[in-house]
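This report concerns only the one structure given below.
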Amino acid sequence: MNTRTDSSSDAVVATSFEGDLRRYLRGLGGLFVFLLVWWVGAVMTQPSYLVPGPLDSAHAFIDLFGSSTAIVVPVVGSNLVLPTGLAHLVQTLLHYVPGLLLGASCGIGLGLLMGWNGALDDWLRPLIRVLRPIPPLAWIVFAIVWFGIHHTGAAFIVFVGAFWINFYGAYGGVEGVSSELTDAASTLGVERDLSMLKLVALPSAAPQVLTGFRTSIGRCWMIVVGAELFGAPGVGYEIINASNNLAMATSVAYMFLISLAFLCMDVGFRLFERRALAWR
Amino acid sequence: MALSSESSTSRDARQKITIQNVSRSYESTRALADVSFSVAEGEFCCVVGPSGCGKTTLLRAIAGLDDPDGGSILVGGDPVTGPGLDRGMVFQEYALFPWRTVRGNIRFGLDRPACDCADCEGRVRELIDLVGLDGVEDAYPKELSGGMKQRVGIARALAPDPDILLMDEPFGSVDARTRDRLHAELLDIWTQTGQTVVFVTHDIDEAVTLADRVVVMDNDPGTVQSTFSIDLERPRERTSRGFVEYVARIRDELGSPADNNV
């Protein structure tokens, strides 16, 4: 009896391990084929700057960290000297991070309140229907006239993007709170609406709130690069700057730098999410 | 027909819960129509009836979670105006907070400002002991079986030390063997704490196993059909003659309207 259970669970482990291995191998295969197609395409295309090859791009990527660049840290005002690639990444993060955090906080806050309070929902829903479809990048005109296209302006655009995604995450999450749980909380002495929001609605909406935030991490990278194409300092600006000099390999290097930064943040946040939602 | 039904409104001195002419309608259905009965202090009262007879609505009204259209509900002489820590509730589908551990769920009512326990941690440990949850204090609800979950539900409801325990088909989703164990444990707890219990079920055997008194309800509209005092020593043997007779009489009572229709 015991041995049978053991061997069957062994079999399950073995198949899942084989499955993982097969998946990794297929994934590597896909990458390899892509590199091959890229390389062949680059060799066959003339003039060569139209498609920089994988090797040139890799060289350009390494070169990003071979030279140094000084950037100005806003607010503090002092100069910071870093390897060039890192310096521009830091420039991007200087408006990406504040925009994301502020936008997420405001979006989650309003989403929770609106999902919870019917009257506020009635008041704001039509307004939100009108404002929501406007793409964050369309606000760039106001970012430029209000703040100038620098860190503050770019942060503003990121703010708008982060706001909506997080708003809908929190709003949907609170709407889905089961009445059974709020009933249970009422019989256990939760009287005020605000305590109910904090003790029941927020933790119950946490999965959707966190999913919303994780989605906004990715979306805001798209938005921030868009804002930088208009001239805000950072990796997005460097992409267009390099291409203006026909240094397309450098553009590709910056593109992969963005991809790398996003991957790190996404993986980091997923780990956090898994720990925070261990109860699921 | 109403051979053993008793007039319940006349007894008043030690009535913990008094339900007077309570009515409740939803859109087109009358969930409760002129329901009156009372529950004595320390009494274990079971409410049985077919689904749709309004027994859950009635329980929710006592808890203060539902507002009847007419009539009044008095708890300890005061009208019910909303939920309160004097009435603990155990839910059919447990309604545990999934993001809180067993300990955290039990602790929930103790952390409210309205509740002032001197030693909350001690109280939680005591309850974990009482309902037999040692060893799983730090588990999340998803890791527990149905029976375990309902033990947590009971401990959580008991934590603020309510006068009244309201139970809405609490063992409807656990298997028969676990249910028997939980019945015995519940009666033990009730003997120790002396609380007034209102226990809703559709299972006549369960009602006769547990109750001092069984209130039989009929559906459409929900009314009290009769009440039975169960004069049997505990623990009760389901195969004993007295037990079988009570079950048969209650079943007759529940079946009679249908017979009339035929």
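First the proteins, then the strands, lettered A, B, ... as listed; each starts at 1.
The two residues A:T187 and B:L85 have their closest heavy-atom pair at O-CD2, 4.0 Å. Between B:W99 and A:V200, the shortest heavy-atom contact is CH2-O, 3.5 Å. When all heavy atoms of A:A184 and B:A95 are compared, the pair lying nearest together is CB-O, 3.9 Å. Closest non-hydrogen pair, A:W279 versus B:K142, comes out as O-CD, 3.4 Å.
In this structure, chain A has heavy atoms under 4.5 Å from both the backbone and the side chain of B:R156. Contacts between B:E93 and chain A at a heavy-atom distance below 4.5 Å involve backbone atoms as well as side-chain atoms. The parts of A:A185 that come within reach of chain B are both its backbone and its side chain, each placing non-hydrogen atoms under 4.5 angstrom from that chain. At a 4.5 Å heavy-atom cutoff, the contact between B:L96 and chain A is made by backbone atoms alone. The parts of A:L199 that come within reach of chain B are both its backbone and its side chain, each placing non-hydrogen atoms under 4.5 angstrom from that chain.
Per-residue counts of heavy-atom pairs under 4.5 Å with chain B were compared for A:S204, A:A278, A:S178; the largest is that of A:S204. Among B:A139, B:A157, B:P83, B:G88, the residue with the largest count of heavy-atom pairs under 4.5 Å with chain A is B:P83.
Counting heavy atoms of neighbouring residues, nucleotides and ligands inside a 6.0 Å radius, atom CZ of A:R129 does not exceed 12 of them.
Interatomic distance, OG of A:S186 versus CE of B:M89, reported as 10.5 Å (0.5 Å rounding). In this structure, the separation between CG on B:D168 and CG on A:D183 is 10.5 Å, given to the nearest 0.5 Å. Of the inter-residue distances, the one linking B:L65 atom CG with A:S179 atom OG reads 9.5 Å to the nearest 0.5 angstrom.
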